[in-house]
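To start, the structure under review is shown below, and the notes come after it.
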Amino acid sequence: MPTLLIVHHTPSPNCQAMFEAVVSGATTPEIEGVRVVRRAALSATASDVLEADGYLLGTPANLGYMSGALKHFFDQVYYPCLDETRGRPFGYYVHGGNDVTGAVRAIEALTTGLGWRRATEAVTVTGEPGKGDVQACWELGATVAAGLMAGA
Ligand SMILES: Cc1cc2nc3c(=O)[nH]c(=O)nc-3n(C[C@H](O)[C@H](O)[C@H](O)COP(=O)(O)O)c2cc1C
């Protein structure tokens, strides 16, 4: 069964709202035959990445970059996964206070280095997520998961 790995750093209620919406989209009953695995960024391993077929990443913007936790994740998995995960689909979301540009740039750079293929637009939110933001997160989760359905 194809596996979708969600790697997230979720330090606040606003980040939690985005994470929950992404999980809800990825696990919607209409998507069948996809196993969804969630890992906090500080606990995700290279084995988790190698065993998955696609990825969803979530982070706050911190000091003009992705969170240290998600950076730690990439530091752990980059070289162990470089050969075997090239071409796999991914999506991501970023939550910030006012400017997520640096975090977006960093995630794009790391995933380009890994050769991952972005399956859909990133979702970026500043401040409290509104209904449309939560819906966009749901669609992000559903889109990446649906792409992993057998025969999709
Ligand atoms: C040390 C620190 C650095 C931060 N740097 C940024 C930043 O560069 N850009 C940004 O948009 N938000 C920044 N933030 C805000 C966080 O992204 C925000 O607190 C996080 O997404 C959680 O959202 P919330 O506080 O609204 O719940 C920073 C927060 C902290 C604590």
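Whatever order the structure lists them in is the order used to number ligands and atoms, beginning at 1. Positions are given from 1 along the sequence.
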#### Entry: Mutual orientation of the aromatic rings belonging to Phe19 and His8 [parallel < 30°, tilted 30-60°, perpendicular > 60°]
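The rings of Phe19 and His8 lie parallel, inter-plane angle below 30°.
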### Message
If we count only N and O atoms by modelled type, under 3.5 Å, do the side chains of Asn14 and Ser12 hold a donor and an acceptor together?
### Response
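Per modelled atom types, Asn14 and Ser12 side chains form no pair under 3.5 Å.
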### Message
Can you check atom 31 (C) of ligand 1: any protein non-hydrogen atom closer than 4.0 Å?
### Response
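Given the 4.0 Å cut-off, atom 31 (C) of ligand 1 does not count as touching protein heavy atoms.
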### Query
Considering all protein heavy atoms, does one lie under 4.0 Å from atom 21 (O) of ligand 1?
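Yes; the ligand atom in question has protein heavy-atom contact below 4.0 Å.
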### Query
Which residue owns the protein heavy atom closest to atom 26 (O) of ligand 1, what's the atom, and how far is it?
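Looking only at protein heavy atoms, the one closest to atom 26 (O) of ligand 1 is Asn14 ND2, 2.8 Å.
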### Task
Name the closest protein heavy atom to atom 29 (C) of ligand 1, giving the residue it belongs to and the distance to 0.1 Å.
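Looking at atom 29 (C) of ligand 1, the protein heavy atom closest to it is Asn62 ND2, 3.5 Å.
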Only heavy atoms of [X], strictly under 4.0 Å: list the atoms of ligand 1 that pass.
X	value
Asp99	9 (N), 10 (C), 11 (O)
Gly64	7 (C), 8 (O)
Asn98	9 (N), 10 (C), 11 (O)
Ser12	22 (C), 23 (O), 24 (P), 27 (O)
Gly97	10 (C), 11 (O), 12 (N), 15 (C), 17 (O)
Pro60	17 (O), 20 (C), 21 (O)
Leu63	3 (C), 4 (C), 5 (N), 6 (C), 7 (C), 8 (O)

### Task
Assess whether atom CD of Glu108 is packed by more than 12 heavy atoms of other residues, nucleotides or ligands within 6.0 Å.
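Result for CD/Glu108: enclosed.
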### Query
Should we say atom CZ of Arg118 is surrounded by more than 12 heavy atoms from elsewhere, each under 6.0 Å from it?
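Yes, enclosed.
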#### Entry: Phe74 and Met66, any side-chain heavy atoms less than 4.5 Å apart
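Yes. Closest side-chain heavy atoms under 4.5 Å.
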### Message
Does any part of the side chain of Trp138, heavy atoms only, come nearer than 4.5 Å to the side chain of Val134, both counted from C-beta?
### Response
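Counting from C-beta outward, Val134 and Trp138 never come under 4.5 Å.
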### Task
Before signing off on this row, confirm whether Thr126 and ligand 1 have an N or O atom pair separated by under 3.5 Å.
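Min N/O separation from ligand 1 is not below 3.5 Å for Thr126.
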### Close N or O approach (His95, ligand 1; < 3.5 Å)
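Yes, there is a polar N/O contact under 3.5 Å.
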### Message
Applying the side chain to side chain contact (heavy atoms under 4.5 Å, CB included) criterion to Tyr92, which one of Val104, Val7, Leu140, Thr111 satisfies it?
### Response
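It is Val104; the other options fail the test.
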### Query
In this structure, which one of Met18, Gln16, Gln135 forms a side chain to side chain contact (heavy atoms under 4.5 Å, CB included) with Pro129?
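Exactly one candidate clears the test, Met18.
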### Query
Taking only residues two or more places apart in sequence, or in another chain, which ones meet Ala46 in a side-chain contact (heavy atoms from CB on, under 4.5 Å)?
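Ala46 satisfies side-chain contact (heavy atoms from CB on, under 4.5 Å) with Val77, Pro80, Cys81 only.
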### Query
Who's closest to atom 17 (O) of ligand 1 heavy-atom-wise, of Ala61, Pro11, Gly127?
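The option holding the nearest heavy atom is Ala61.
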